[in-house]
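Inspection log for the structure reproduced underneath, given as structure tokens.
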Amino acid sequence: MQNLLVTGGCGYIGSHTALLLLEKGYTVYIIDSNCNSNPFVINKLKKIIMKKDKQLAKNLIFFKGDLRKKKDIERIFEYSKHNNKIIEAVVHLAGFKSVNESMKYPLMYWDSNLIGTINLLKVMQKYLCYNLIFSSSATIYSCLENKLIDENFPIKPINPYGNTKRCIETLLEDIYKSEKAKWKIINLRYFNPIGAHHSGDIGEDPNGIPNNLFPLILQVASSKLRELKIFGNNWDTRDGTCIRDYIHILDLANAHIAAFEYLSKTKSQIINFNIGTGKGTSVLELINTFKNVNKIKLPYSFTSRREGDQKYIVADNSRALSTLNWKPLKSLEDMCRDGWKWQLKNPNGYIDN
Ligand code: NAD
Ligand code: UDP
């Protein structure tokens, strides 16, 4: 297999994944509505890839389109067919991803995430494309006390965003069962990707004030925000703040390459993989690492706990390590250094470029 479609390829995870796929010589089609991204990222991807090999930049084909419109998806499959580079596999990342927003606008989340996926699957079937890597999330797990989470942990999301991810996994299970000989489906359950490409040319470019910790750290470090509010200092953890499994965005992006290569050489199946480092880091540990690595001040204060927060979410990543030709290589220091480089080079995200 040589030709892939990355839905949501202009977004944070999609742009890094598309870049690595291009570097490997694959043809990468991207469909993105740019509802949460800037199409300028395509130029950035081309610029980075051209430094490596001018020819590779031709392998990036972008279509602006919305998965909620089946015609938009058909257009890109049709184009790939006419150009004799038919899409053989899909990395499906397009969707809304904010927990808070999903609680305010559940219909919008169900519409985009679920209807978008249903349309995509219909078009894939029509064009006989049965290979799929889906962006699921650790948020679907019902977390137990201070235990590493493996793929068999109970699934019990607690917000509409997580519900859409669980529901899509169930849908994929049903699709697989209906044509077991054909489908190859991988659900990648991401933990907490942070950081940016080491060039500092692509990174996370959130709309407005971010909700997640790392983009907030970047905004406080660059004095866009006065201070960071840490949600609770009385959790039952080593320093009283919550623990997460932060993974460098390039390690996460690389997991898609490994998943795709695994999928290319294995039999039809549906399988889930946790994509994390297996190491837990507290909020204070992340802040201190960021301060030390970048030699910068990061004012913070403590505030009350965030509703629905969990104290400890860390992956048991052993299935991914033993099955995929993949392991996370980058340290927390790398994540902090590369994230800060992106922020310094692009203080206003892609807007100014
Ligand atoms: P992102 O918002 O940066 O990227 C998603 C992209 O999809 C955006 O470019 C957006 O414009 C596009 N998009 C959204 N709805 C669309 C639609 N209906 N049609 C076409 N394009 C659409 O988010 P991300 O962080 O890159 O996440 C990618 C995927 O990974 C999401 O599905 C998200 O739920 C999942 N995920 C992300 C994280 C994380 O921490 N970033 C963790 C777990 C899972
Ligand atoms: N967090 C925080 N202040 C913020 C945002 C996040 O203290 O303004 C904490 C949050 O309680 C959690 C960690 O940072 O323990 C990671 O939060 P994020 O929203 O980035 O990821 P998630 O909780 O979805 O894993």
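Remember, it's 1-based here, ligands and their atoms both numbered in the order they're listed.
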I need the nearest protein heavy-atom contact for atom 16 (C) of ligand 1: residue, atom name and distance, please.
S33 OG, 3.7 Å
Proximal atoms of ligand 2 relative to I230 (non-hydrogen, under 4.0 Å)
7 (O)
Contact (N/O only, under 3.5 Å) between Q310 and ligand 2:
no
For atom 22 (P) of ligand 2, the protein heavy atom that lies nearest, with its residue and separation:
R244 NE, 3.6 Å
Purely on distance, is any nitrogen or oxygen of L213 under 3.5 Å from one on ligand 2?
yes
In the structure I gave you, are the side-chain heavy atoms of E204 and I249 within less than 4.5 Å of one another anywhere?
no
N/O donor-acceptor pair under 3.5 Å between N146 side chain and Y312 backbone
no
Can you tell me which portion of E204 lies within the under-4.0 Å heavy-atom range of ligand 1? Options are side chain, backbone, both, or neither.
neither
Would you say the side chain of W235 lies within less than 4.5 Å of the side chain of I243, judging by non-hydrogen atoms?
no
Ligand 2 atoms nearer than 4.0 angstrom to some heavy atom of D309 are 10 (C), 11 (O), 23 (O)
min-distance protein heavy atom vs atom 34 (O) of ligand 1 -> Y161 OH, 2.6 Å
Polar contacts were defined as any N/O atom of the residue lying under 3.5 Å from an N/O atom of the ligand; does this apply to F231 and ligand 2?
yes
So the atoms of ligand 1 within less than 4.0 Å of a heavy atom of S112 turn out to be 15 (N), 18 (N)
What protein heavy atom sits nearest atom 19 (N) of ligand 1, and how far away is it?
L67 N, 2.9 Å
Note: heavy atom closest to atom 16 (C) of ligand 2, options Y300, F214, F302, Y246, belongs to Y246
Would you mind finding which of R306, K229, K311 brings a heavy atom closest to atom 3 (N) of ligand 2?
K229
If you have a sec, work out which protein heavy atom is nearest atom 29 (C) of ligand 1 and how many Å separate them, to one decimal?
L93 O, 3.1 Å
